[in-house]
Asker: 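Below are the structure tokens for one structure; questions will follow.
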Amino acid sequence: MTLSVMGEDMGSQTKHWMVTLQEVFYPALAAVGIPSNIVTFLIIWKRNCTLSRSSALYLMAISVADNFVLMFIVILELSLKYHQQEPFWSYEPWCSLRDIFNYGAYNASTWLVVLFTVERFIAIHTWKIKPKICNQRCAAWTIAATFVFSHLFAIPHYWSNISVHDNNQTRCIYNPEAPTRFIHALVWIQTLQAYMFPFLIILTVNGLTLQLISLSSRVHIPAGLAPGVCKVRPLLRSRRRKSVVLLVTVSMSFVLLSVTRAITQIILRTTELYTLDRNDYNHQINIAADAGTMLCLSNAAANMYLYVCTQSRFRQEFSACIYQASFYCKTKLQKVKENSRCD
């Protein structure tokens, strides 16, 4: 039920190439993603990236939620699973609490992207309600509520797992005493709130955005319009275009990276494959499912690189930060060399 497969003793069998890939991939993903999210947070917070205050709050919150995903799921669960025979979460109370933190972090990351998509759609196309919704206070309350409710909705997973000692090994497994309907309900609720509903909202909002942009591009400026308005119109279009590019890039990258996992999880949960051993890579569906998980979790480390590729102002600020950091390191290195010479 977790984003990873349940741990088993990998040492008793020949490692499949997929296992080796994941052993390397997840620590590397955390090593790349966590610093990039921290840098993104600091740049948006300290620098002028020409973002609205509400957008800046959403993007900073997404960086924080993505780091929670990388810490709780990628490091504490997946990396430890492949590098420790009995990770700490194999024991109680961590076995029961693990999914609350995992699903809470993942759902917060997912729904912050959804809410950012909706907020940008409102800011771009609905001028009447924009001042009431697209402001710093509303964004702060929405972000706080998203984190709280994401973890509240994950609380039922507390009763889904149990720690057992079998064959001289302690493992965290599905609770065999839990009602089947309860387990199925948890699976479907998580699938709906993490994939189905977010995909539906994002695709609908992006479709409406692109449709409205297409319609507005066909509107010509009247001949008698004041010259000053003609000068302002291209500036507004440029800002709107940048906002749309940011909106579509962040939201659609989430959809594209998550769709493989969504499809494979639906297949695994709705067919006879539900009882399949997820560690048996002789079944192609297990390889596809774990590849989908890798792609899905990659989204938590990708946002900074998306901003660098699509936002010129963010790219400039990022380059400035790199230059300042390199200059500081060079200065410190020169001082160390000078001190060593004097000694």
Side-chain angles (χ1 to χ4, degrees), residues 1-7 21-45 57-116 143-155 157-158 160-161 163 171-172 190 193-195 198 250 253-254 257-258 261 290 292-307:
M1 185 177 300
T2 58
L3 287 171
S4 71
V5 297
M6 288 299 177
L21 176 61
Q22 292 179 87
E23 289 178 350
V24 177
F25 176 80
Y26 288 121
L29 181 66
V32 172
I34 291 178
S36 67
N37 285 328
I38 293 174
V39 170
T40 299
F41 182 93
L42 294 176
I43 289 177
I44 296 175
W45 179 33
L57 284 179
Y58 276 109
L59 295 180
M60 287 191 293
I62 290 173
S63 297
V64 173
D66 286 346
N67 262 359
F68 284 157
V69 170
L70 293 174
M71 287 187 291
F72 289 124
I73 299 176
V74 175
I75 295 179
L76 295 182
E77 182 179 356
L78 292 171
S79 296
L80 289 182
K81 186 192 79 168
Y82 288 110
H83 293 87
Q84 288 186 4
Q85 186 174 1
E86 293 184 354
F88 73 94
W89 45 258
S90 298
Y91 300 87
E92 294 292 352
W94 310 114
C95 177
S96 298
L97 293 174
R98 180 189 59 177
D99 281 359
I100 296 178
F101 293 106
N102 286 357
Y103 285 126
Y106 186 80
N107 292 339
S109 175
T110 298
W111 280 97
L112 284 171
V113 173
V114 174
L115 293 171
F116 171 72
I143 291 168
T146 301
F147 277 103
V148 171
F149 282 105
S150 294
H151 286 81
L152 286 178
F153 288 145
I155 289 178
H157 291 280
Y158 179 86
S160 64
N161 294 332
S163 178
R171 296 184 298 156
C172 185
Q190 179 60 26
Q193 71 175 351
Y195 302 109
V250 172
S253 65
F254 161 74
L257 290 173
S258 303
R261 175 172 169 80
D290 284 357
T293 299
M294 294 166 67
L295 289 173
C296 181
L297 293 175
S298 296
N299 183 69
N303 282 333
M304 187 193 80
Y305 308 99
L306 297 176
Y307 303 155

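The figures that follow rest on heavy atoms only: side chains count, while hydrogens, waters and symmetry mates do not. Note that the coordinates shown come from a computational prediction; the quantities given were computed from them, not determined experimentally.
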Asker: Taking all non-hydrogen atoms of both residues, which atom of Ala108 and which atom of Ala65 are closest, and how far apart?
Answerer: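 Heavy atoms of Ala108 and Ala65 come nearest at C-CB, 4.3 Å.
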Asker: Partners of Ser63 by side chain to side chain contact (heavy atoms under 4.5 Å, CB included), sequence neighbours excluded?
Answerer: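 Ser63 satisfies side chain to side chain contact (heavy atoms under 4.5 Å, CB included) with Asn37, Thr40, Phe41 once adjacent residues are dropped.
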Asker: Got a second to check how far Glu77's CD is from Met71's CE, nearest 0.5 Å?
Answerer: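 Reported value, rounded in 0.5 Å steps: 14.5 Å.
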Asker: Could you check Trp94 against Leu76 for side-chain contact (heavy atoms from CB on, under 4.5 Å), going step by step and ending with a plain yes or no?
Answerer: CA-CA 11 Å; Trp94 310 114; Leu76 295 182; over 6 Å; no
Asker: How close do Ile143 and Leu57 get, heavy atom to heavy atom, and via which atoms?
Answerer: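 Looking at all heavy atoms of both residues, the closest pair is CD1-O, 3.4 Å.
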Asker: Verify, without hydrogens or angle tests, whether Ser163 (side chain) and Ser90 (backbone) share a donor-acceptor contact under 3.5 angstrom.
Answerer: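 Between the backbone of Ser90 and the side chain of Ser163 there is a qualifying donor-acceptor contact (under 3.5 Å).
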Asker: Taking all non-hydrogen atoms of both residues, which atom of Arg261 and which atom of Thr293 are closest, and how far apart?
Answerer: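 Looking at all heavy atoms of both residues, the closest pair is NH1-OG1, 2.9 Å.
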Asker: Quick one: pull up CG in Asn67 and CZ in Phe72 and give me the separation to the nearest 0.5 Å.
Answerer: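 Separation between the atoms: 10.5 Å.
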Asker: Is the shortest side-chain heavy-atom distance between Leu21 and Met294 below 4.5 Å?
Answerer: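 Heavy-atom side-chain distance check passes, below 4.5 Å.
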Asker: Which atom names give the shortest non-hydrogen contact between Gly104 and Ala154, and what distance separates them?
Answerer: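 What the structure gives for the nearest pair is N-CB, 3.9 Å.
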Asker: Apply the side chain to side chain contact (heavy atoms under 4.5 Å, CB included) test between Ile75 and each candidate in Leu29, Leu80, Ile34; give the one that qualifies.
Answerer: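 Result: among Leu29, Leu80, Ile34, Ile34 is the only option passing the side chain to side chain contact (heavy atoms under 4.5 Å, CB included) with Ile75.
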Asker: Please report the interatomic distance CD1(Ile73) to CZ(Arg98), rounded to the nearest 0.5 Å.
Answerer: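 So the CD1 of Ile73 and the CZ of Arg98 are separated by 10.0 Å.
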Asker: Output the distance between atom CG (Asn303) and atom OG (Ser253), rounded to the nearest 0.5 Å.
Answerer: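 Interatomic distance, Asn303 CG to Ser253 OG, rounded to 0.5 Å: 6.0 Å.
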Asker: Keeping Ser258 on the side-chain end and Cys296 on the backbone end, is there a donor-acceptor pair under 3.5 Å?
Answerer: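 Checking the backbone N and O of Cys296 against the side chain of Ser258, no donor-acceptor pair under 3.5 Å is found.
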Asker: Do you know the tightest heavy-atom contact between Ala300 and Asp66?
Answerer: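 For Ala300 versus Asp66, the nearest heavy atoms are O-CB, 3.2 Å.
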Asker: For Phe147 and Phe68, take the angle between the two ring planes, folded into 0 to 90°, and tell me which bin it lands in: parallel under 30, tilted 30 to 60, perpendicular over 60.
Answerer: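 Judged by the thresholds at 30° and 60°, the geometry between Phe147 and Phe68 is perpendicular.
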Asker: NE2/His151 to NE2/His157 distance, rounded to the nearest 0.5 angstrom?
Answerer: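 Nearest 0.5 Å value for the NE2-NE2 distance: 12.0 Å.
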Asker: In terms of heavy-atom contacts, does CZ of Phe149 have more than 12 from other residues, nucleotides or ligands at under 6.0 Å?
Answerer: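 It does not: Phe149 CZ has 12 such atoms or fewer within range.
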Asker: Please round to the nearest 0.5 Å and tell me the distance separating atom CG of Asn161 and atom SG of Cys172.
Answerer: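 It comes to 4.5 Å.
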Asker: Evaluate the criterion side-chain contact (heavy atoms from CB on, under 4.5 Å) for residue pair Asp99 and Tyr158; output intermediate values, then yes/no.
Answerer: CA-CA 7 Å; Asp99 281 359; Tyr158 179 86; over 6 Å; no
Asker: I'd like to know whether Tyr26 forms a side-chain contact (heavy atoms from CB on, under 4.5 Å) with Leu297, so could you lay out the CA-CA distance, the side-chain angles of the two residues, the decisive distance to 0.1 Å, and finally the verdict.
Answerer: CA-CA 9 Å; Tyr26 288 121; Leu297 293 175; 3.8 Å; yes
Asker: Has Ser109 got a side-chain atom pairing as donor or acceptor with Ala105's backbone, closer than 3.5 angstrom?
Answerer: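 Pair absent, no side-chain N/O of Ser109 close to backbone of Ala105.
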Asker: Would you say that Asn107 contacts Gln193 through its side chain, given a criterion of any heavy-atom pair below 4.5 Å between the two side chains?
Answerer: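 Result yes, sub-4.5 Å side-chain heavy-atom pair found.
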Asker: Applying side chain to side chain contact (heavy atoms under 4.5 Å, CB included), name anything that partners Thr110, two or more places apart in sequence or on another chain.
Answerer: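 Per chain and number, Thr110 pairs via side chain to side chain contact (heavy atoms under 4.5 Å, CB included) with Tyr106, Pro198, Phe254.
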